[in-house]
Protein chains: 2
Amino acid sequence: MSGKNILIIEDEAAIREMVSFALGKAGFNLREASDAAEAEELMAEQLPDLILLDWMLPGMSGIELARRFKRDEYSRQVPIIMLTARSEEDDRVGGLEAGADDYVTKPFSPRELVARIKAVLRRAQPEGEGEMLEADGLVLDAASHRVSVEGKSLDLGPTEYRLLKHFMSHAERVFSRGQLLDAVWGRNSFVEERTVDVHILRLRKVLGLHGRDRLVQTVRGAGYRFSAQ
Amino acid sequence: MSGKNILIIEDEAAIREMVSFALGKAGFNLREASDAAEAEELMAEQLPDLILLDWMLPGMSGIELARRFKRDEYSRQVPIIMLTARSEEDDRVGGLEAGADDYVTKPFSPRELVARIKAVLRRAQPEGEGEMLEADGLVLDAASHRVSVEGKSLDLGPTEYRLLKHFMSHAERVFSRGQLLDAVWGRNSFVEERTVDVHILRLRKVLGLHGRDRLVQTVRGAGYRFSAQ
DNA sequence: AACCCATGTTACAGCTTTGTGACAGGCAAA
DNA sequence: TTTGCCTGTCACAAAGCTGTAACATGGGTT
């Protein structure tokens, strides 16, 4: 759990220092940015395992920055914890909407922050990187973002790809629509559960073109399951 | 998502009532305890799907109780949401450390509580390692929501599945129709007791296709029992 | 045997869940 | 800007499930 790379984007030096001290003691690796530009530079240099993002930043607001990160295919996988002042608490929904995975209210204790970070990292962990997944002749190569059957590659949209990847890395397991929303769309996306059905349909259509549509199964009253059976 | 069983452990009657009302309307099933002893009794009777636990309790503190639940092999899988007063906010870290999955600060709105509960329930699911039940060659895998005999999957409807799961996790025990309604249909369902008979029949039919119909036995005047004998 | 009552069975209308096609808006590439 | 892909939602269709009533069966009693 430790040794993880964390990026803090915060303009108040005092807070940066406090966090730096606390996280250092907890065994984390911290890089600091005081504004959006600096942050993007560091992001480009090396993707952190988690981002601590201040709500209010000079120039671009934290929420806007979060939205930008979550829009990008590469940086979207990095979990974000928003740092908000108590008076901004009511806006927290906006933060969650923008893609934040959690938020911490200032003033916060170092212990709380560390606990939150660990919790979020734990949740994010299961996403495997750069692996190869296979099931019934269907091959997913995470590194190249490609899925193929017998050498022929499938034409999947981004969401279908993520959905399939999630299914393939958790084969045999039933997921409710809500769980799929959490896992594939991200926590706190304000999307109708039925939207999942539609994407399941789209995914099945593509798989069907290669005779593999039965891989995605409906479990009535429970959700969906990916299985080679 | 509804029909879930929730246990609230809270000494203030006013809060219990408010929560009871809110959760009832959201389709949850609520049981109430006002102290630790009562809570443990209800826990022993039937494990809930989620626990709402007040921080301050007469006798044993909520945090201590949470720790106890999380220590027990049986009850550790149940997610806990702590209810804390604003003044106790600083201690929330302790709650998370004790094993709480989330916390809600009093005063809270019913909507927020319901949202939190749903979020935690969704999240909690994946944690529960695939529970496997077995009896006389009949295998039930909770993670994949699948029941099979000799590798062949049975085609069960949602209610049949839940009924069978309940039976298998309490083999040898006789349940009255009323108890089955409580456990499988939920405490506030308005369903005729004879409906149970019909579902027992349906379940038996499916089991019968695989030569296992004798597993569900009638105990005249008492109810039904699942037994490998 | 006649009867009572608990349980087994069947049929079905209504309801819930899921599948599907269409569509408007958003975003990015050209 | 235009074009083309992707997305999220709806509305409607299709499936599948559910609860009940009504009738059948069968064991146990008197």
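Treat the numbers as computed from the prediction; the structure is a model and nothing was measured. Convention: sequence-line order gives letters A, B, ...; per-chain numbering from 1.
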At what distance, to the nearest 0.5 angstrom, does CZ of B/F190 lie from OG1 of B/T195? 14.0 Å
Round to a whole Å and report the spacing from CG of A/D197 to C1' of D/dC12. 14 Å
Taking any heavy-atom pair under 4.0 Å as a contact, classify B/E193: base, sugar-phosphate, or nothing. nothing
Spacing of A/E192 atom CD relative to C/dT17 atom P, expressed in whole Å: 15 Å
Looking at C/dG8, I'd like to know if its phosphate oxygens (OP1 or OP2) sit under 4.0 Å from a side-chain N or O belonging to B/R204. yes
Distance test, side-chain N/O of B/T218 to OP1/OP2 of C/dT7, below 4.0 Å: no
Could you tell me if the ring centre of A/H166 sits under 6.0 Å from that of A/W185? no
Check whether any side-chain nitrogen or oxygen of B/W185 sits under 4.0 Å from OP1 or OP2 of D/dG19, and answer yes or no. yes
Measure the distance from CZ on B/R220 to C1' on D/dT25 and round it to the nearest whole Å. 10 Å
From C-beta outward on B/Y224, which listed nucleotide comes closest to its side chain: D/dT18, D/dG16, C/dG8? C/dG8
Should the side chain of A/R202 and the base of D/dG8 be counted as holding a donor-acceptor pair, with the cut-off at 3.5 Å? yes
Residue-phosphate contact under 4.0 Å: A/R177 side-chain N/O, C/dT17 OP1/OP2: no
How close or far is atom C1' of D/dG16 from atom CG of B/L156, stated in whole angstroms? 14 Å
Return no unless some side-chain N or O of A/T159 is found under 4.0 Å from OP1 or OP2 of D/dT7. yes
Side chain of A/R162, backbone of A/V184: donor and acceptor closer than 3.5 Å? yes
What is the distance from NE2 of B/H199 to C1' of C/dG8, rounded to the nearest Å? 15 Å
Nearest-angstrom distance from the residue atom CG of A/L180 to C1' of D/dG8: 16 Å
Charged N to carboxylate O under 4.0 angstrom, B/E32 versus B/R16? yes
Counting just side-chain N and O atoms, does A/K205 come under 4.0 Å of either OP1 or OP2 of C/dG21? yes
No-H, no-angle donor-acceptor pair, A/R194 side chain to D/dT9 base, under 3.5 Å: no
Send over the distance from A/L201 CG to C/dT20 C1', rounded to a whole Å. 6 Å
Nearest-Å distance, OH (B/Y161) to P (D/dC17)? 15 Å
Flag the pair A/F175 / A/H170 as yes when their ring centroid distance falls below 6.0 Å, and as no otherwise. yes
